[in-house]
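No hydrogens, no waters, no symmetry mates; every other heavy atom, side chains included, goes into these values. Letters A, B, ... are given to chains in the order of the sequence lines, protein chains preceding strands, and every chain is numbered from 1.
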Protein chains: 2
Amino acid sequence: MDVPLSISEVSELLGITAHTARYYERAGLLTIDRSQSGHRIYDRKTVERLDFLVRMRTSGMGISELSRYVDLVRDGDSTTEERLQIMLAQRERIRTQIRELERALDTTEYKIATYGGAPTTSTTSSAIDHEPEGTSS
Amino acid sequence: MDVPLSISEVSELLGITAHTARYYERAGLLTIDRSQSGHRIYDRKTVERLDFLVRMRTSGMGISELSRYVDLVRDGDSTTEERLQIMLAQRERIRTQIRELERALDTTEYKIATYGGAPTTSTTSSAIDHEPEGTSS
DNA sequence: CCTTGACTTCGAGTGCACTCACAGTCGTAG
DNA sequence: CTACGACTGTGAGTGCACTCGAAGTCAAGG
């Protein structure tokens, strides 16, 4: 269980395209070893790095900020304070997103109940349907 | 408590810019009444519609799909089945996003603990630090 | 009367993150 | 020996959702 993977294998594993994996490398987010023939070889450690990058991206961190973070890691222990700040900001972003998504989920569930629960009851669709809760800030 | 709002008031209330509110209208997602002088007037119902649109957008529904949904609502009761399908798909998207965000949150918390908990312990940063969990599919 | 500020329309511009095209290379299967 | 499929680098293109700019209108204050 430590067989190096090809770019197509690793991209499928992580749910991205091979194009995207190459793009991240071009953007300086990580470097990947090559085989004798020039093909990228992803070992366990490299896969984990890429997985981390994908997680940060899918949770809303931009490429430029991620790039900054990667540079800080390369620069060593003196940069941990700024790295901490980046991760604290990222945590807040994620928490905010989760809160928004849960609100949107409530709204969506309500719509589903309206459409799925009532078998064509009519007297609907006056607006974009009626909303469950008022619009409080 | 049913005073109509201006575009600047409603956009601040909903956390978007006035530009974006106008853009949604231009995209056909909703229509807004005008005052005698031509300014947009948002009443309670209109604010709720816009709030719904914003929630769907922030949870990943694209403008074109949202536009389709709005058209279906306009077309009346015969379209509830397709509207249900759209909302079911939306629910799945949201659930997937929440799952991904929670994974990203775990990763972020781990980094914070590493930087915040360990006061410059050294012997770190061999990769982009060590990951808490293995990369399982 | 004149300025100020918030609004109007509408075409055009921006930023981001991919995503693609193309020409070339490599290793194995037939 | 040659065809195939998966890979390579890199410049250019795409799609989306805003975001801006410019010119104009309007109501109220000094």
Side-chain angles (χ1 to χ4, degrees), chain A residues 3-43 46-47 50-70 90 93 97 100-101 104, chain B residues 3-43 46-47 50-70 90 93 97 100-101 104:
Chain A
V3 187
L5 302 177
S6 71
I7 192 166
S8 60
E9 289 165 333
V10 80
S11 56
E12 177 167 17
L13 179 67
L14 300 182
I16 60 175
T17 67
H19 282 304
T20 302
R22 290 192 201 99
Y23 169 74
Y24 286 178
E25 191 182 359
R26 250 207 282 185
L29 297 181
L30 77 173
T31 54
I32 308 291
D33 289 341
R34 303 303 151 107
S35 70
Q36 217 171 13
S37 59
H39 292 196
R40 288 170 181 80
I41 295 178
Y42 292 81
D43 59 15
T46 317
V47 172
L50 183 52
D51 184 49
F52 170 73
L53 295 172
V54 171
R55 286 196 202 185
M56 290 304 104
R57 279 290 307 117
T58 59
S59 56
M61 185 180 289
I63 295 283
S64 64
E65 192 169 5
L66 202 41
S67 179
R68 172 71 181 159
Y69 179 85
V70 166
Q90 176 64 1
R93 248 197 308 261
Q97 283 183 84
E100 284 178 355
L101 284 174
Chain B
V3 187
L5 302 177
S6 71
I7 191 165
S8 61
E9 290 165 334
V10 80
S11 58
E12 177 168 18
L13 178 66
L14 300 183
I16 60 175
T17 68
H19 282 302
T20 302
R22 292 192 200 98
Y23 168 74
Y24 285 0
E25 191 183 358
R26 251 204 283 183
L29 297 181
L30 78 173
T31 54
I32 308 291
D33 290 339
R34 303 301 152 106
S35 72
Q36 215 171 17
S37 60
H39 291 197
R40 289 172 180 79
I41 295 178
Y42 292 81
D43 59 13
T46 317
V47 172
L50 184 52
D51 183 48
F52 170 73
L53 295 172
V54 170
R55 285 196 202 184
M56 289 304 104
R57 277 291 308 118
T58 58
S59 56
M61 186 180 287
I63 295 282
S64 64
E65 193 170 5
L66 202 41
S67 180
R68 171 73 182 160
Y69 179 84
V70 166
Q90 177 63 2
R93 247 197 308 261
Q97 282 183 84
E100 282 178 357
L101 284 174

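For R22(A), the side-chain contact (heavy atoms from CB on, under 4.5 Å) partners are I7(A), A18(A), H19(A), R40(A), not counting sequence neighbours.
With no hydrogens or angles considered, no side-chain donor-acceptor pair links S64(B) and S67(B) at under 3.5 Å. Defined by atom type and a distance below 3.5 Å, a donor-acceptor pair is present between the side-chain atoms of S59(A) and Q90(A).
For the pair E65(B) (side chain) and G62(B) (backbone), a donor-acceptor distance under 3.5 Å is absent.
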So L50(B) and I16(B), side chain to side chain contact (heavy atoms under 4.5 Å, CB included) or not? Walk me through it. CA-CA 10 Å; L50(B) 184 52; I16(B) 60 175; 4.3 Å; yes

Please report the C-alpha distance between S11(B) and S8(B) in whole Å, then the side-chain angles of each, then the deciding distance to 0.1 Å, and finally whether the side chain to side chain donor-acceptor pair (under 3.5 Å) criterion is met. CA-CA 5 Å; S11(B) 58; S8(B) 61; 5.8 Å; no

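Nearest-nucleotide assignment on DNA chain D puts the 5′-proximal partner with I63(B), out of I63(B) and Q36(B). Annotation: of the two residues near DNA chain D, S64(B) and H19(B), the 5′-most nearest-nucleotide partner is S64(B). Heavy-atom nearest nucleotides on DNA chain C were determined for R26(B) and for R26(A), and the one closer to the 5' end corresponds to R26(B).
A nucleotide of DNA chain D counts as in contact with chain B when one of its atoms lies under 4.0 Å from a heavy atom; the first and last such, 5' to 3', are dA17(D) to dC26(D).
Between L66(A) and M61(A), the closest heavy-atom pair is CD1-SD, 3.6 Å.
Residue Y24(A) places at least one side-chain N or O under 4.0 Å from the OP1 or OP2 atom of dC18(C).
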Report each atom pair, protein N/O against N/O of nucleotides 3-9 of chain C, whose distance is under 3.5 angstrom.
| from | atom 1 | to | atom 2 | distance (Å) |
| --- | --- | --- | --- | --- |
| dC7(C) | OP1 | S6(B) | OG | 3.2 |
| dC7(C) | OP1 | S8(B) | OG | 2.8 |
| dC7(C) | OP2 | S8(B) | OG | 3.4 |
| dT8(C) | OP1 | R40(B) | N | 2.6 |
| dT8(C) | OP1 | R40(B) | NH1 | 2.9 |
| dT8(C) | OP2 | R22(B) | NE | 3.1 |
| dT8(C) | OP2 | R22(B) | NH2 | 3.2 |
| dT8(C) | OP2 | R40(B) | NH1 | 3.1 |
| dT8(C) | O5' | R40(B) | NH1 | 3.3 |
| dT9(C) | OP1 | R34(B) | NH1 | 2.5 |
| dT9(C) | OP2 | R40(B) | NH1 | 3.0 |
| dT9(C) | OP2 | R40(B) | NH2 | 2.5 |

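In R68(B), the CZ atom is not crowded: 12 or fewer heavy atoms of neighbouring residues, nucleotides or ligands sit closer than 6.0 Å.
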